[in-house]
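Encoded as structure tokens, the structure appears first; notes follow it.
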Amino acid sequence: MSVFSPLFRRLDELLTNNGEFWQFMPFAANQLVWQSNHPELCHWLQSLTDEAIAEFIDDGEALAEALAVWIPDAPELYQLAQLGSLPLQEKELPRGLDVGIPGRKWQQITAFNGALPSLQLPWLEWCAGKGHLGRVLAASHQTSVTSLEWQQTLCEDGEAAARQLKLPITFVHGDAFDPASEQHICSHQHAVALHACGDLHVSLLQRVAAKQGQAVSISPCCYHLIRAKAYQPLSQLARQSDMVLSKHDLRLPLQETVTAGQRVRRQRFVEVSFRLGFDSLQRHLHGSDEYMPVPNVQKALLNDGFAAFCRWAAEKKNMILPDDGIDYGYWQHQGELRFALVERMELVRQLFRRPLEMWLVYDRACFMEEAGYQVSVGTFCDKPVTPRNILIHAEYGSESRVPVITD
Ligand SMILES: C[S@@+](CC[C@H](N)C(=O)[O-])C[C@H]1O[C@@H](n2cnc3c(N)ncnc32)[C@H](O)[C@@H]1O
């Protein structure tokens with residue numbers, strides 16, 4: 001019996017029914033998008049101070065309760081997105097293994113390793129980077145590791161580190177999407193992928209399932225990095241959903257609006273309001289109401305002011321700005337007003353961030369269940385260590401481990 005399909009179904013229903021609150025681009029709107037359907041909600045949003053917004057961002061439960069007036073499903077969505085932590089096992093590691101690994105990465109890796117069962121199988125490390133995780137796996141389980149990585153220099157660095165520590169690790173310099181990489185996936189194996197983006201971790205799950213690999217554990221990230229135009233559901237269950245997820249929608253789980261420091265907040269305000277101000281100006285000049293995205297900008301350019309930003313953006317978009325007659329002060333102010341609106345629309349979208357991530361995670365979990373696997377889903381570390389802290393573990397024909405609900 002599927003553990004995850006009831007959760008998936010309910011999330012699917014609530015996310016689909018409430019699409020008007022999250023499936024849109026706040027950047028492209030020049031007023032609160034609920035102005036005609038939910039004027040009271042807009043009124044409430046407009047009344048919020050920056051401090052109140054910051055508090056709601058930090059307290060998802062309070063946000064869900066406050067929004068319940070207009071979004072009655074909000075508290076249930078919040079509850080459905082709560083996830084317990086997986087049981088962690090302290091695993092002994094030889095000294096010196098952490099040399100050259102940044103502190104937070106080390107914490108992620110050791111926590112990920114601590115959440116993995118020791119099945120005494122050879123490991124496959126998919127999209128290994130320098131193989132930091134692989135070294136921890138080889139050292140703490142005393143089993144061999146094959147590390148597949150696309151960047152030659154990372155393979156060389158990883159190989160050198162493994163050699164120095166005398167660990168049984170073989171690097172394969174290869175493209176995870178290349179059919180030739182399939183030869184490295186076999187049934188007597190425990191495959192892992194820590195933070196392999198979008199299609200990269202999906203390709204691992206699909207191939208492990210096709211080859212009936214004994215175990216696979218992934219921590220997904222960057223759901224929007226996919227080759228297709230829109231999300232391609234994995235499980236039969238998700239294929240029945242009416243929800244169509246664009247790449248923009250798929251970015252939502254990663255939009256953790258952490259309450260950044262004063263300097264970062266100021267920098268974001270300048271950049272975003274410049275972009276929105278330029279957009280308002282180009283709409284005016286083109287006599288259209290269509291959003292015009294502008295590429296990434298070197299932050300130093302923002303110091304030259306709004307007019308310089310507009311000239312740069314116009315050049316990037318092959319647009320000619322009239323030499324005079326543009327009131328840059330006015331358009332900058334329009335951008336600042338739109339910034340405040342975007343912040344308020346993003347606050348509402350925050351409610352759906354983790355529920356959408358859980359929908360994506362349960363799609364993966366259901367896919368593995370449908371392929372005959374016992375699946376566990378839980379967190380392997382706290383959010384400050386990494387916000388992408390979910391681990392999906394699937395074992396062919398074994399008992400699933402029940403996560404511990406901590407809060
Ligand atoms: C976010 S990093 C994660 C690295 C490592 N798993 C970790 O957690 O430290 C993703 C890695 O995937 C690799 N990668 C990207 N595309 C790939 C591909 N097509 N085939 C194999 N590796 C790829 C990148 O070079 C990068 O090292």
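Just follow the structure's listing: the first ligand is 1, and inside any ligand the first atom is 1.
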Logged contact type for Lys130 with ligand 1, heavy-atom cut-off 4.0 Å, is neither
Looking only at non-hydrogen atoms, the one of His201, Glu149, Gln152 nearest atom 26 (C) of ligand 1 is Glu149
Quick note on ligand 1: atoms under 4.0 Å from a heavy atom of Leu154 include exactly 27 (O)
Contact region, Leu133 to ligand 1, non-hydrogen atoms below 4.0 Å, reads neither
Per-atom filter on ligand 1: closer than 4.0 angstrom to a heavy atom of Gly174 are 20 (N), 21 (C)
Among non-hydrogen protein atoms, atom 20 (N) of ligand 1 lies closest to Ala176 N, 2.7 Å
* Asked: Applying a strict 4.0 Å limit to heavy atoms, is Ala193 in contact with ligand 1?
  -> no
Q.
If you count every heavy atom of other residues, nucleotides or ligands that lies below 6.0 Å from Gln164 atom CD, does the total exceed 12?
A. no
The closest protein heavy-atom partner of atom 21 (C) of ligand 1 is Trp150 CB, 3.3 Å
Counting heavy atoms under 4.0 Å, the part of Ala128 that contacts ligand 1 is backbone
For His195, is the nearest heavy atom under 4.0 Å from an atom of ligand 1? yes
More than 12 non-hydrogen atoms from neighbouring residues, nucleotides or ligands closer than 6.0 Å to NE2 on His43, yes or no? no
Gln236 atom CD: more than 12 heavy-atom contacts under 6.0 Å:
no
- Indicate yes or no: does an N/O atom of Cys127 lie under 3.5 Å from an N/O atom of ligand 1? yes
Exercise. Stepwise, does the salt bridge (charged side-chain N to carboxylate O under 4.0 Å, His left out) test hold for Arg268 with Glu343?
Worked result: CA-CA 11 Å; Arg268 199 178 105 77; Glu343 290 266 285; 2.4 Å; yes
Between Tyr328 and Trp331 (judged by ring centroids, cut-off 6.0 Å), do the two rings come close enough to count as a pair?
no
Please find out if less than 6.0 Å separates the ring center of Phe24 from that of Trp34.
-> yes
for atom 19 (N) of ligand 1, nearest protein heavy atom and its distance come out as Asp175 OD1, 2.8 Å
Note to self: Any nitrogen or oxygen of Lys105 lying under 3.5 Å from a nitrogen or oxygen in ligand 1? Just yes or no.
What the structure shows: yes
Can Glu315 and Arg311 be said to form a salt bridge (charged side-chain N to carboxylate O under 4.0 Å, His left out), step by step?
CA-CA 6 Å; Glu315 194 190 308; Arg311 282 191 288 275; over 6 Å; no
Honestly, for Leu200 the part within reach of ligand 1 (heavy atoms, under 4.0 Å) is side chain
Are any of the N or O atoms of Phe177 closer than 3.5 Å to those of ligand 1?
no
Next item on the list: Let me see the working for Asp279 and Arg338 under salt bridge (charged side-chain N to carboxylate O under 4.0 Å, His left out), right down to the final yes or no.
Entry: CA-CA 10 Å; Asp279 181 57; Arg338 276 180 68 187; 2.9 Å; yes
Are Asp249 and Ser246 close enough that a side-chain donor and a side-chain acceptor fall under 3.5 Å? yes
Self-check item: Heavy-atom neighbours of Lys383 NZ exceed 12 at 6.0 Å
Solution: yes
Below the 3.5 angstrom mark, is there an N/O of Leu194, backbone or side chain, next to an N/O of ligand 1?
yes
Original post:
Would you say ligand 1 has an N or O under 3.5 Å from any N or O of Gln151?
Top reply: yes
Checking Arg388 against Glu357 for the salt bridge (charged side-chain N to carboxylate O under 4.0 Å, His left out) test, could you report, in this order, the C-alpha distance in whole Å, the side-chain angles of both residues, the deciding distance, and whether it holds? CA-CA 10 Å; Arg388 302 280 74 72; Glu357 179 161 28; 2.9 Å; yes
